[in-house]
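The structure presented is a predicted model; accordingly, all values stated were derived computationally and were not measured.
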Amino acid sequence: MTMNQIKTARSVLLENLIIYDGTGAPPVSGDVLISDGKLVAVGQVDSSLVPADAVRQDCKGLCASPGFIDIHSHSDGGIILHPEAECLIRQGITTSVGGNCGGSAGGTSFWTEKNRDKYLALGVRWEDFAGFLQAVEKVEPAVNLAMLFGHGDVRVTVLGNSGRKPTPEEKQKMLGVARAHMEAGAFGISSGLEYVPGRFADVDEMVTVSKPVAEQAGIHSMHMRNEGPMLFEAVGEAMEIAEKSGVRFEISHLKAVGEDNWGKLPKVLEMLDEAKARGVDISADVYPYLASSTELAIVLPDWVLENGKAAAVGLLVEGSPVRERIAAESHQRTERQGGWDKIVVISVENPDDKWMEGLNLDQIARRCGKPPQEQALDILISSRMKVSIIRHSMSEDDLVAAMKHPRVCFVTDGHVAVEAEGNIHPRSIGTYPRILGRYVREKQVLAMEEAIRKMTSLPASKMQIRDRGALKPGMAADVVLFDRETIIDNSTYQKPWQFPSGIFGVFVNGRPVIWEGEVTGIRPGKVLRKR
């Protein structure tokens with residue numbers, strides 16, 4: 001079959017496959033028939049169902065699975081600029097859920113703050129959540145996009161950058177904004193209680209904004225307030241919010257940060273099981289890496305950021321009466337989560353500091369002759385708080401314990417980007433092949449069918465995406481074809497822009513976006529709205 005034949009085919013019969021249907025059932029040998037964007041038959045395909053004009057491909061023992069569904073990503077930030085989404089489709093992602101960690105590109109100020117000129121050059125702008133969904137449809141992405149709305153965006157809409165508690169009247173306004181986002185098609189809400197402005201929200205506020213989500217059977221995905229020394233307390237807070245609001249709950253990128261906290265995840269998983277037994281619908285997700293990626297401002301104490309990042313810069317400068325206190329508290333906070341040598345700078349805004357990229361804070365501080373806590377503040381000032389980091393701080397034993405839990409699914413926590421924009425965490429490029437290659441084939445942590453369930457039907461059920469996540473007749477034809485003997489990630493922290501091996505083909509809504517390992521240029525993705 002030629003590239004042109006597969007690109008123009010209305011119907012495709014994929015023959016001689018090892019089929020993993022996404023439910024966790026053992027694989028079967030058979031065929032998959034796709035027509036007009038839907039799965040028509042899976043397994044033993046009756047010849048009477050095959051259209052006369054169907055294009056046939058002998059897959060010679062390749063594996064077929066549902067397209068991978070990534071329910072924790074930040075793809076909404078780049079999907080309009082990079083609708084080809086190459087770093088997603090090359091790892092088998094067919095549906096990406098954006099708007100996580102409390103911030104969404106559907107936030108009304110997003111397009112004016114990030115890449116404004118680039119968006120306007122594309123003729124794209126939006127003023128609200130519904131408008132953002134329409135903007136994505138306009139650029140015709142290669143993948144499907146579903147969206148959460150961010151609690152942080154709701155809070156800023158009502159309170160601005162203030163860190164104060166909302167009044168009863170303001171809480172009612174927040175509730176109304178949340179309800180409007182759900183009516184626009186959001187699948188739920190996300191929160192980021194380790195970030196500004198989520199840091200300033202209490203349980204009562206989170207329950208308020210979660211109730212309209214619960215009314216629509218949506219989900220609340222939370223980046224918890226603490227993933228290190230106060231991990232158990234943070235999980236307890238998440239459970240309290242879930243229980244009081246009635247919302248279905250997902251703990252995002254579950255981890256225990258810092259060597260002193262390693263070994264805590266089995267207890268957290270027990271806590272989730274106990275809550276589930278009480279009728280609280282709460283679960284979690286993980287990515288298969290031992291380093292996280294975030295912003296350097298995360299080292300700062302809450303009180304520094306209570307009036308927003310721009311105001312915080314004035315507190316950090318030399319001569320500030322509180323700089324010494326900030327440095328001391330930041331040092332204490334960082335030492336409890338692994339230390340400065342575990343924090344690697346991957347991007348800075350100030351061109352004069354580009355030499356720092358790829359070095360850890362200890363290395364940078366030694367070169368500059370300053371303590372790392374002082375150096376961190378200087379970097380934040382120099383780049384106006386726009387500093388991205390990778391933090392090496394997790395245990396593989398904890399990760400494996402979480403991977404094995406039946407209600408924990410797999411996510412990327414990644415972005416849509418291109419190499420020209422600079423380095424990025426390898427999870428944005430290699431997550432799913434890494435799971436199937438390293439943790440299934442090499443380490444045998446999970447059976448292939450169980451790992452695929454955690455990438456397909458399990459995340460689909462959490463988001464209530466009902467027409468995807470399984471290879472069954474009538475479902476949307478999102479399909480991945482891969483070689484289980486060779487699939488593996490190639491992206492590293494030092495050289496992230498190396499795409500995975502072992503993925504032969506990827507179909508989105510019945511159209512090939514990857515074929516014979518190459519990008520086809522077709523962009524058949526849809527914006528999914530909760531109904």
Side-chain angles (χ1 to χ4, degrees), residues 68-76 95-106 129 133 144-154 174-175 177-193 198 201 203 205-224 234-235 237-254 272 275-276 278-287 405-413 453-469 527-531:
F68 304 145
I69 298 175
D70 179 13
I71 66 168
H72 187 98
S73 85
H74 300 277
S75 57
D76 50 314
T95 298
S96 182
V97 179
N100 278 283
C101 293
S104 158
F129 190 84
L133 299 183
N144 305 307
L145 182 73
M147 285 293 296
L148 305 173
F149 69 90
H151 156 260
D153 298 329
V154 174
M174 294 174 78
L175 190 149
V177 174
R179 184 169 286 122
H181 288 338
M182 290 302 295
E183 291 171 354
F187 281 78
I189 184 173
S190 76
S191 56
L193 301 194
V203 167
E205 179 180 330
M206 300 310 300
V207 169
T208 297
V209 294
S210 294
K211 283 185 175 177
V213 179
E215 290 168 4
Q216 300 296 322
I219 195 167
H220 185 147
S221 295
M222 175 181 281
H223 177 140
M224 292 188 297
V235 173
E237 180 182 40
M239 291 176 176
E240 184 179 359
I241 295 165
E243 206 151 10
K244 288 183 174 178
S245 68
V247 75
R248 297 183 304 108
F249 212 92
E250 180 82 354
I251 294 176
S252 297
H253 43 62
L254 182 62
L272 298 184
K276 182 72 172 176
R278 299 196 309 269
V280 181
D281 190 344
I282 186 167
S283 58
D285 51 61
V286 294
Y287 50 76
H405 191 279
R407 296 199 317 282
V408 171
C409 69
F410 300 138
V411 298
T412 67
D413 195 14
R453 182 185 74 87
K454 288 168 168 281
M455 304 174 179
T456 57
S457 67
L458 180 58
S461 68
K462 291 185 181 192
M463 283 293 138
Q464 296 193 344
I465 300 172
R466 295 185 174 90
D467 63 342
R468 298 166 203 273
V527 171
L528 308 181
R529 292 174 173 84
K530 185 167 174 43
R531 296 290 183 242

Subject >> Step-by-step side chain to side chain contact (heavy atoms under 4.5 Å, CB included) determination, His151 to Glu205 >> reply: CA-CA 10 Å; His151 156 260; Glu205 179 180 330; 2.8 Å; yes
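- With hydrogens and angles disregarded, a donor-acceptor distance shorter than 3.5 Å links the side chain of Lys454 to the backbone of Val408.
- Here the side chain of Asp285 pairs no donor or acceptor atom with the backbone of Val411 at under 3.5 angstrom.
- Shown here are the side-chain contact (heavy atoms from CB on, under 4.5 Å) partners of Glu183, two or more places apart in sequence or in another chain: Arg179.
- In this view, Arg466 and Gln464 satisfy the side-chain contact (heavy atoms from CB on, under 4.5 Å) rule, not counting sequence neighbours.
- Closest approach of Met182 and Pro212 over heavy atoms only: CG-O, 4.1 Å.
- Applying side chain to side chain donor-acceptor pair (under 3.5 Å) to Ser283 and the options Arg248, His405, Lys276, Lys462 leaves one that passes, Lys462.
- A distance-only check finds a donor-acceptor pair linking the side chain of Asp153 to the backbone of Ser104 [under 3.5 Å].
- The minimum heavy-atom distance linking Cys101 with Asp413 is given by the pair SG-OD1, 4.5 Å.
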**OP:** Please report the C-alpha distance between Leu254 and Met224 in whole Å, then the side-chain angles of each, then the deciding distance to 0.1 Å, and finally whether the side chain to side chain contact (heavy atoms under 4.5 Å, CB included) criterion is met.
**Re:** CA-CA 9 Å; Leu254 182 62; Met224 292 188 297; 4.3 Å; yes
**OP:** Step by step, work out the side chain to side chain contact (heavy atoms under 4.5 Å, CB included) result for Leu528 and Phe187.
**Re:** CA-CA 9 Å; Leu528 308 181; Phe187 281 78; 4.1 Å; yes
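- Looking at Ser73, its side chain does come within 3.5 Å of a backbone N or O of Val97 through a donor-acceptor pair.
- The closest donor-acceptor contact from the side chain of Arg453 to the backbone of Leu458 lies at 3.5 Å or more, if one exists at all.
- A search for ring-ring contact (aromatic ring centres under 6.0 Å, His included) contacts involving His74 returns His72, His415, not counting sequence neighbours.
- Interatomic distance, Thr456 OG1 to Ile465 CD1, rounded to the nearest 0.5 Å: 11.5 Å.
- Residues Ala284 and Leu272 share a closest heavy-atom pair of CB-CD1, 4.1 Å.
- Atom CD of residue Glu215 and atom OG of residue Ser210 lie 11.0 Å apart, to the nearest 0.5 angstrom.
- Not a single ring-ring contact (aromatic ring centres under 6.0 Å, His included) links Phe410 to another residue, sequence neighbours left out.
- Of the possible polar contacts, one joining the Ser190 side chain to the Gly99 backbone as a donor-acceptor pair under 3.5 Å is found.
- When all heavy atoms of Ala242 and Val280 are compared, the pair lying nearest together is CB-CG1, 3.7 Å.
- Residues satisfying the side-chain contact (heavy atoms from CB on, under 4.5 Å) test with Ser221, not counting sequence neighbours, are Asn100, Leu148, Ile219, Glu250, Ser252, Met463.
- Scanning all heavy atoms of the two residues, the minimum distance from Asp76 to Gly103 falls at OD2-O, 4.4 Å.
- Partners of Phe249 according to the ring-ring contact (aromatic ring centres under 6.0 Å, His included) rule, which considers only residues two or more places apart in sequence or in another chain, are His220.
- Between Ala238 and Met222, the closest heavy-atom pair is CB-SD, 4.1 Å.
- To the nearest 0.5 Å, atoms CE (Met455) and CD1 (Ile71) are separated by 13.0 Å.
- Distance CZ/Phe149 to OG/Ser191: 10.0 Å, rounded to 0.5 Å.
- A tilted orientation is assigned to the rings of His181 and Phe129, their planes being inclined by 30° to 60°.
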